[in-house]
There are 2 protein chains.
Amino acid sequence: MSETFEKDRRFASTLARGLSVLRAFRASDDGLSHMEIAERTGLPNATVSRLTFTLRELGYLSHAGKNDRYRLGPAALAIGNVASASVSFLETASDPMQKLANETGTLALFAVRDGEKMLLVKTWRPQNTASIWLEPGHRIPIFGSSSGMAVMACLSDAAFAALEPDDDLRSFRQTGYEQLLARGFAVAPNDTRYAASVNAVSVPFHAGEFGEPASFSCGALPEMLGDARMEEDVGPKLRDAVRALETRTGRSPALLKRG
Amino acid sequence: MSETFEKDRRFASTLARGLSVLRAFRASDDGLSHMEIAERTGLPNATVSRLTFTLRELGYLSHAGKNDRYRLGPAALAIGNVASASVSFLETASDPMQKLANETGTLALFAVRDGEKMLLVKTWRPQNTASIWLEPGHRIPIFGSSSGMAVMACLSDAAFAALEPDDDLRSFRQTGYEQLLARGFAVAPNDTRYAASVNAVSVPFHAGEFGEPASFSCGALPEMLGDARMEEDVGPKLRDAVRALETRTGRSPALLKRG
DNA sequence: AAATTGATTTCCGCATAGTGGAAATGAAGT
DNA sequence: ACTTCATTTCCACTATGCGGAAATCAATTT
């Protein structure tokens, strides 16, 4: 019994389980063993075995040698490339974001909401500074992250209500909204930050391609990126970069979509 | 009944069907309607409906507005990015390949074998020349394509035999092998080319990450890229680019792995 | 507004595909 | 050879997914 909460008749759980196997991979993993997959997904061994067989058969996973670990295969790559090609703004964003990462020495990233979490879709590491940190595929909590704050702030009241938010999340969202109105970027209040080891600024972005608002962020260790620098340096730069992107790709600011 | 031929007890067909829905998307599609998905996958409507519901639920597909078409969603993007991050050579290859595409005015691409077909994983279009053509996610036949020839030539005899090749494919492979030995790149013989409208040269590449040999290619319309130019200009350039890549990423030439 | 057409979703009884505990196999160590 | 740990296979059970058909929903036409 996995953590699936769907019991809708329309929900194909085998498919969901199979995908959860693919989702188990992180960019930093140098392949996963069978058992690691079972642990990460919470699926029983026998099930993982059948699913990996299928995924391998279809090219989504590969098993270099006989007893090697699993890796994402060519088919996964292809889907990703098709997806990126159809999400044109990411390509457009890539250059300025890489530049921003280099200039500010922070990790730039693009994230979307995925259920209860923020899903990191793409990251740009600064080329000089070392900042081994979050990677694509990683999920961070909405509450307490600046990207979560930016995204929540842009949700319409109805969409937000659908999440059945508690009071903390409500006021978290409210703070985000005020910050965005005031200066166009969001920073999670110190006392709510989900990880003490990470400071980040975020700017929401309305990616028509998926229904959800999403966000661009810059993050780094607090030593490198104190509150002052977020407010005065990195925040404004990120905001301007995202505004430029909105102009180039012909979108209106995400906050306006709140409805 | 789709074209699945697996009847192995271990094969999870619901998962395979769900993935075939994702696979139905091409980079050029501006979203797919429900019915287009049904057509492309050969699945009955009701089934597509349940599968898209699930995929939407999980973020692999998105449905911008109420009655909009389906697009690949954030989760698909994320998987792809995880996959690309773990396939480091593609990143390394990106610059030289783009350069090669520009210099030669051809479409450069990277493909892997996926079952009976060659699966285009990534493409680099020349920036000046117009060459709207194959896209990531597209599949082309092995027989008659230069990339197929390059890949077949690098397969070990055992692996090749496992494909149950006919005589045509055997000699196709043999030709490829000889070409690669002689000058390091492969061009499909004129009379076997699978599409008259496409000329291409390929060089195999051993991507340890997936078990399969893969290939880099340059292709264009025959008017732009005659046999002579393939032999004397583009072929050698591509071969040298791939050799340089092998050196940089510390791999031995794919042909040597044939065993 | 009623009628037509066409796409999409829901219904629901049935057969089968998928499940997971347990046992068998396989791979490393000691 | 023995122990331990990872992976695959077996198999009886039943929940799951199937797909034809009917019901909705949307967009046109009359």
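A quick note: this is a predicted structure, and the numbers were derived from the prediction, not measured. Quick note on labels: first sequence line is chain A, next is B, and so on, each numbered from 1. Just so it is clear, the values below take in all heavy atoms, side chains as well, and ignore hydrogens, waters and symmetry mates.
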Taking all heavy atoms of [X] and all of [Y], pick out the closest pair and write down the distance.
| X | Y | value |
| --- | --- | --- |
| A:Gly18 | A:Leu55 | O-CD1, 3.8 Å |
| B:Leu155 | B:Ala159 | CG-CB, 3.9 Å |
| A:Thr54 | B:Arg10 | OG1-O, 3.5 Å |
| B:Ala153 | B:Gly176 | CB-C, 3.9 Å |
| A:Arg71 | A:Phe25 | CA-CE2, 3.9 Å |

Could you state the atom-to-atom distance from [atom1] of [X] to [atom2] of [N] in whole Å?
| X | N | atom1 | atom2 | answer |
| --- | --- | --- | --- | --- |
| A:Leu55 | C:dG18 | CG | P | 12 Å |
| A:Arg10 | D:dC18 | CZ | C1' | 16 Å |
| A:Asn45 | D:dC5 | CG | P | 14 Å |
| A:His34 | C:dA27 | NE2 | P | 15 Å |
| A:Phe53 | C:dT19 | CZ | P | 15 Å |
| B:Glu36 | C:dA7 | CD | P | 10 Å |
| A:Met35 | C:dA27 | CE | C1' | 14 Å |
| A:Glu39 | D:dC5 | CD | C1' | 12 Å |

Identify all pairs in which a protein N or O lies below 3.5 Å from an N or O of nucleotides 13-15 of chain C, and state each distance.
from, atom 1, to, atom 2, distance (Å)
C:dG13, O6, A:Arg9, NH2, 3.0

Give me the distances for all protein-to-nucleotides 20-24 of chain D N/O pairs that come in under 3.5 Å?
none

Within 45° cone and under 6.0 Å: B:Arg56 NZ/CZ vs B:Tyr70 ring: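 Geometry flag: not set, cation outside 6.0 Å or 45°.
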Which residue lies more 5' along DNA chain D, comparing B:Thr47 with A:Tyr70 via nearest heavy atoms: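 Between the two, 5'-proximity favours A:Tyr70.
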5′-ward residue of the pair B:Arg50/A:Ser33 relative to DNA chain D: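 Checking each residue's closest nucleotide, the 5'-ward one belongs to A:Ser33.
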Pair A:Phe110 + A:Phe89: ring centers closer than 6.0 Å: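 Ring-ring flag for A:Phe110/A:Phe89: true, centres closer than 6.0 Å.
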N/O (side chain, B:Thr14) to phosphate O (OP1/OP2, C:dA17) under 4.0 Å: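 Result: no.
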Any A:Ser13 side-chain N or O less than 4.0 Å from OP1/OP2 of C:dG18: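 It does not, given that no N or O in the side chain of A:Ser13 lies less than 4.0 Å from OP1 or OP2 of C:dG18.
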Backbone of B:Leu107 reached by a side-chain donor or acceptor of B:Arg125 within 3.5 Å: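 Checked: no pair found.
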Under 3.5 Å donor-acceptor, B:Ser49 side chain and B:Ala46 backbone: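 Checking the backbone N and O of B:Ala46 against the side chain of B:Ser49, no donor-acceptor pair under 3.5 Å is found.
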Pair A:Phe216-A:Leu109, side chain to side chain contact (heavy atoms under 4.5 Å, CB included): steps then yes or no: CA-CA 6 Å; A:Phe216 285 96; A:Leu109 58 86; over 6 Å; no
Sidechain N-carboxylate O distance under 4.0 Å for B:Arg69, B:Glu36: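 Result for this pair is yes, salt bridge flagged.
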Pair B:Asp157 + B:Arg173, salt bridge at N-O below 4.0 Å: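 Between B:Arg173 and B:Asp157 there is a salt bridge, with a charged N closer than 4.0 Å to a carboxylate O.
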Helix axis bend for the helix from C:dA1-D:dT30 to C:dT30-D:dA1 - C1'-based end axes, five pairs, 10° rounding: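 Both end axes considered, the difference amounts to 40°.
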